[in-house]
Amino acid sequence: MIRILATARTEFRIALRNRWVAISVILMALFSLVLSAAGSAPTGDLGVDRLSVTVASLTSLAVYLVPLVALLMSFDAVAGEVERGTLPLLLTYPVARVEILLGKLLAHLAVLTLAVVTGYALAALAAFRTDPASLAGLPALIRLTWTSVLLGATFLGAGYALSSLARRPSGAAGLAMGLWLGAVVLYDLGLLAAVVADNGGWFTTEAFPFALLANPADAFRLYNLAASQATAAAAGVGGAANTIPLWQSAVSVLLWPLLALALATAAFRKVTP
Amino acid sequence: MTPTLKISELTKSFAGTKALDSVSLTVEPGSRVALLGHNGAGKSTMMKIILGLIPFDSGTVTVCGEAPGSPAARAQVAYLPENAAFHPALTGQEQIAHYLALRGEAPRKALPLLERVGLHDAARRRIGTYSKGMRQRVGLAQALIGMPRLLVLDEPTSGLDPVSRRDFYALLDDLAAEGAAILLSSHALTEVEARTDRILILSGGRMVATGTLADLRRMAALPVSLHVTARNGHATEIAAALPGAIRTGGDLRLSIPQADKLETLARITALGSKVADIDVVPPSLEDIYAHVSRRDGQ
């Protein structure tokens, strides 16, 4: 435990010096403020409070931004140590590889949590200013916050796994961007195309819900939209949210970080310095 | 005494080429052992196997009675890699504090450690601003953490200035006196010659020579060189008494087999006051190393 905390402290310090803390906090704050400003037009008509509307918009934002920031922070974690030549020495210390990864995860997750909380808090403040009834949306915001952190943990783990597989920062960066595009953008497009081609057949009724649950980003979106009252305010995947039980998306959101960490550990064990 | 490091019949191949071929050695507590060899002779491979960083094909390796790379072995072994590298964004103090924590020691010991390697003034500067020699000293500082029983040092003095090198070997002497076993590789043969107890020469993955410097001298049987300075005007008489000597002015140089050394010296002393001075130059480690490596076809 001491070794994990020591690693986390050092990694957090490095993130601070590399401006990762500043970059991710400013990024989240900026996007959240832009979203709440842009979303201020259609208010009142939906019969829900402002904050719930904001949460629905923030969900769509987080699904792109949180994995991106997580992958940007993590792709260098192992490949960078290999390139700098710091890995052989580190591995001669009495510290297990999983402890090294957990330490890095803890530090990067702290940075991400800081960014997410700052961004969401600013958006919430903006909502409270225009609509005092926003208190009703607070549970949805809290839910969005912890699921965002878990989504971040999933993509941090995936980033470590890719970093271990690539062993070179440039290769790891390419793989990370590929994963982001694939999981967050192309996956949904693919599903959409399959649903259209299938025209209401077996895929749409049987496979489609599982395909959504199998992707951590979709599961995150499903869980937040299904649990929130603001489903009506969201389009796209939100429609599917009604057909999948809430506990199933919750399980997916909770299991993915563990799975990603297990993958990362397995990949890191294969790295010979 | 149980050896700190025991290797027998160690073999390791990379893609069909033997990097290490049936290598055996032991390192006792408190002994300083130098590992010599050309680039690619297998020194770094052997070190990485001792540290448990890479697996090996056959043979046995025990480090402090444990399997190499096991948590118990890692807790007792310190390593200084060739070209020690650290994260440039951290200060020397932060980096050492981190390594201290990983070994379960108090991070506040970082400053005294850096002081011991002469980095006290730069402790709060980022490692990115350090020179190569300073990074090497950070590497040395981390190798001193927690009284290791075995130190594996890969070219520890590369990048150090002559004074730092002397300080470094003085540190090693202290560690060895406390019972630590030291295995170091180096290309700087003159310093190894003076500051280590035993020498191992690897060539093409095989151990071609092992022993103290005196053992190696005997084994190589290289000629001893004698340097005689004649008193004014007596050079010709001395040259006559020493057939085979090469004369330059009043100086005579003579190369003789090891076995003839004492007899030749007796003949020179018999010349009495005609001789101003004598120097006996035994073959240096460099000569022995070149001899052993050449014999091995390198």
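Labels below follow one simple rule: chain letters A, B, ... track the order of the sequence lines, proteins then strands, and each chain is numbered from 1.
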Working note: A:Arg13 + B:Thr91, criterion side-chain contact (heavy atoms from CB on, under 4.5 Å); need CA distance, chi angles, decisive distance, verdict. CA-CA 10 Å; A:Arg13 196 171 265 146; B:Thr91 67; over 6 Å; no

Against chain B, label A:Arg84 side chain, backbone, both or neither, depending on which of its atoms sit under 4.5 Å from a heavy atom there. both

Heaviest contributor of heavy-atom pairs below 4.5 Å to chain A, chosen from B:Ala85, B:Gly104, B:Pro71, is B:Ala85

Count the heavy atoms belonging to other residues, nucleotides or ligands that lie under 6.0 Å from CD of A:Glu83, then report whether that count exceeds 12. no

Ignoring hydrogens, what is the shortest heavy-atom contact between B:Leu90 and A:Arg17? Give both atom names and the distance. CA-NH1, 3.8 Å

Would you give the length of the straight line joining atom CG of B:Leu102 to atom OG1 of A:Thr7, rounded to the nearest 0.5 angstrom? 5.0 Å

Taking everything shown except A:Phe31 itself, do over 12 heavy atoms lie less than 6.0 Å from its CZ? no

Can you tell me which portion of A:Leu91 sits under 4.5 Å from chain B's heavy atoms? Options are side chain, backbone, both or neither. both

Looking at B:Arg124, I'd like to know if its CZ atom is crowded, meaning that more than 12 non-hydrogen atoms belonging to other residues, nucleotides or ligands lie closer than 6.0 Å. no

Provide the closest heavy-atom pair for A:Pro94 versus B:Arg103 in the form atom of the first, atom of the second, distance. CD-NH1, 3.3 Å

Heavy-atom nearest pair, A:Thr86 first then B:Phe86, reads CG2-CA, 3.6 Å

How close do B:Leu53 and A:Pro88 get, counting heavy atoms only, and between which atoms? CD2-O, 3.7 Å

Most heavy-atom pairs under 4.5 Å with chain A, out of B:His98, B:Gln76, B:Arg126, B:Lys48, belong to B:His98

Atom pair OG1 (A:Thr272) and CD1 (B:Ile54), whose distance is rounded to the nearest 0.5 Å: 8.5 Å

What one should report as the nearest heavy-atom pair of B:Arg74 and A:Tyr93 is NH1-O, 3.0 Å

Chain B shares the most heavy-atom pairs under 4.5 Å, among A:Ile4, A:Ile2, A:Leu89, with A:Leu89

B:Glu94 side, atom CD; A:Ile14 side, atom CD1 - distance, nearest 0.5 Å: 9.0 Å

If I measure from the heavy atoms of chain A, does B:Gln142 come under 4.5 Å with its side chain, its backbone, both, or neither? both

Less than 3.5 Å apart, which donor and acceptor atoms pair up between the side chains of residues 102-109 of chain A and the rest of the protein, not counting sequence neighbours?
residue  : atom : partner  : partner atom : Å
A:Lys104 : NZ   : A:Glu11  : OE2          : 2.8
A:Lys104 : NZ   : A:Ala77  : O            : 3.3
A:Lys104 : NZ   : A:Glu81  : OE2          : 3.0
A:His108 : ND1  : A:Lys104 : O            : 3.3
A:His108 : ND1  : A:Tyr160 : OH           : 2.7

Engaged part of B:Ile145 at the chain A interface, taking heavy atoms whose separation is under 4.5 Å: side chain

